[in-house]
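Below: the structure, in structure tokens.
Just so you know, ligand 1 is whichever comes first in the structure, and atom 1 is the first atom listed for that ligand. Side chains are part of it too, since the values below use all heavy atoms of this structure and drop only hydrogens, waters and symmetry mates. Everything quoted here is computed from the prediction, not taken from an experiment.
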Amino acid sequence: MGEAAGGAPGVGRVLVVIPTYNEADNVADVVARVRRAAPAVDVLVADDNSPDGTGTLAEAMAATDAQVHVLHRPGKQGLGAAYLAGFGWARQHGYDAVVEMDADGSHAPEDLPALLAAARDADVVIGSRWVGGARVVNWPWRRLLLSRCGNLYARMALGMPVSDATGGFRVYRLSALRAMRLESVCSQGYSFQVELSRLAHRAGVRIVEVPITFAERERGASKMSPLIVAEALWRITTWGLRDRRPVRWRRGHDRWP
Ligand SMILES: Nc1nc2c(ncn2[C@@H]2O[C@H](COP(=O)(O)OP(=O)(O)OP(=O)(O)O)[C@@H](O)[C@H]2O)c(=O)[nH]1
Ligand SMILES: [Mg+2]
């Protein structure tokens, strides 16, 4: 297949995986923006049988656009499970790279070309809120604090030179996902992003962080909960004790050897 059917120069065929649960107010807008911002990449909406009809809306877009696909899942099983299913779909359909992106507009599809450009020389590209040049718009101070503290803790506990280990706007080459041995993944909620950061770091693949503009969701309800935060804390602590790696205080990096 040519570039028009899912290609990005130097990366290959790319699939943007957008997990959704009750995103009826957002899904059409985010898919249309991705298609405009990066017309050569394909989109997969991974919907957990949203009661608000998100899956049906996505299906209507897929009916008129051959580059939009929908993965209907039986029920709400968490962000991590939806992404793993999406990655499996990408592998089955011969893609070279996948992009993770939220449906709620927090991740600007307009940043996608910069992430894909960085992926030419990397295995994993993290769209980062906490490197120079990034912007965080309209986030309440409680969320800012949680993200900064969560990232500091993850960096210290896991010895990982990644500034935004919890962020969910990323590019992974399929070859990197294979090296990362995803069969060990156990996260349900947003510790999934930390877990994949850790696996990428341990696999020694090339990680690059690229500044993004992150905005608070404008429509629809957050799925973030105290349980999700508790899972992340618990898992980071467990991994940290298991890895027993020396703490590194470096704030980020361009290349991982
Ligand atoms: N398929 C699927 N998608 C989910 C699930 N939980 C969350 N999502 C999607 O994952 C993305 C991120 O969820 P959000 O609720 O925005 O979580 P968040 O970004 O951590 O929290 P906010 O900052 O409050 O928006 C959105 O596109 C959700 O629709 C789930 O169980 N299944
Ligand atoms: Mg969100």
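Of all atoms in ligand 1, listed by their number and element, those nearer than 4.0 Å to a heavy atom of Asp104 are 16 (O), 19 (O), 25 (O). For ligand 1, the atoms sitting less than 4.0 Å from at least one non-hydrogen atom of Gly78 are 30 (C), 31 (O), 32 (N), numbered in the order shown with element in parentheses. Close approach of ligand 1 to Asp102 is summarised as follows: ligand atoms under 4.0 Å from at least one heavy atom of the residue are 11 (C), 12 (C), 19 (O), 27 (O).
Looking only at protein heavy atoms, the nearest one to atom 23 (O) of ligand 1 is Arg143 NH1, 3.0 Å. The nearest heavy-atom contact from the protein to atom 6 (N) of ligand 1 is Lys76 NZ, 3.3 Å. Given atom 4 (C) of ligand 1, the protein heavy atom at minimum distance is Tyr21 CB, 3.9 Å. Nearest to atom 14 (P) of ligand 1 among the protein's heavy atoms is Arg217 NH2, 3.5 Å. Closest to atom 26 (C) of ligand 1 among all protein heavy atoms lies Glu23 OE2, 3.4 Å. At the shortest separation from atom 9 (C) of ligand 1 among protein heavy atoms lies Pro19 O, 3.4 Å.
Using a distance-only test at 3.5 Å, with no hydrogens or angles considered, no donor-acceptor pair links the side chain of Arg129 to the main chain of Ala134. Side-chain atoms of Glu231 come within 3.5 Å of backbone N or O of Gln188 as a donor-acceptor pair.
Selection from Pro140, Gly168, Ala81, Ser222 by nearest heavy atom to atom 24 (O) of ligand 1 gives Ser222. Here the shortest heavy-atom distance to atom 15 (O) of ligand 1, taken over Met101, Lys223, Glu100, belongs to Lys223.
Minimum-distance N/O/S atom of Asp104 relative to the Mg ion (ligand 2): OD2.
In this structure, CG on Leu115 lies 7.5 Å from CD1 on Ile212, to the nearest 0.5 angstrom.
Ligand 1 is approached by Ala46 to a heavy-atom distance shorter than 4.0 Å.
Here's the thing with Asp48: one of its N/O atoms is less than 3.5 angstrom from an N/O atom of ligand 1. Annotation: Ala221 places no N or O atom under 3.5 Å from an N or O atom of ligand 1; distance criterion only. Among the atoms of Ala103, some N or O lies under 3.5 angstrom from an N or O of ligand 1.
Side-chain atoms of Ser147 and Trp130 form a donor-acceptor pair, as typed in the model, at a separation below 3.5 Å.
Using a 4.5 Å cut-off on side-chain heavy atoms (C-beta onward), Phe214 and Arg135 make no contact.
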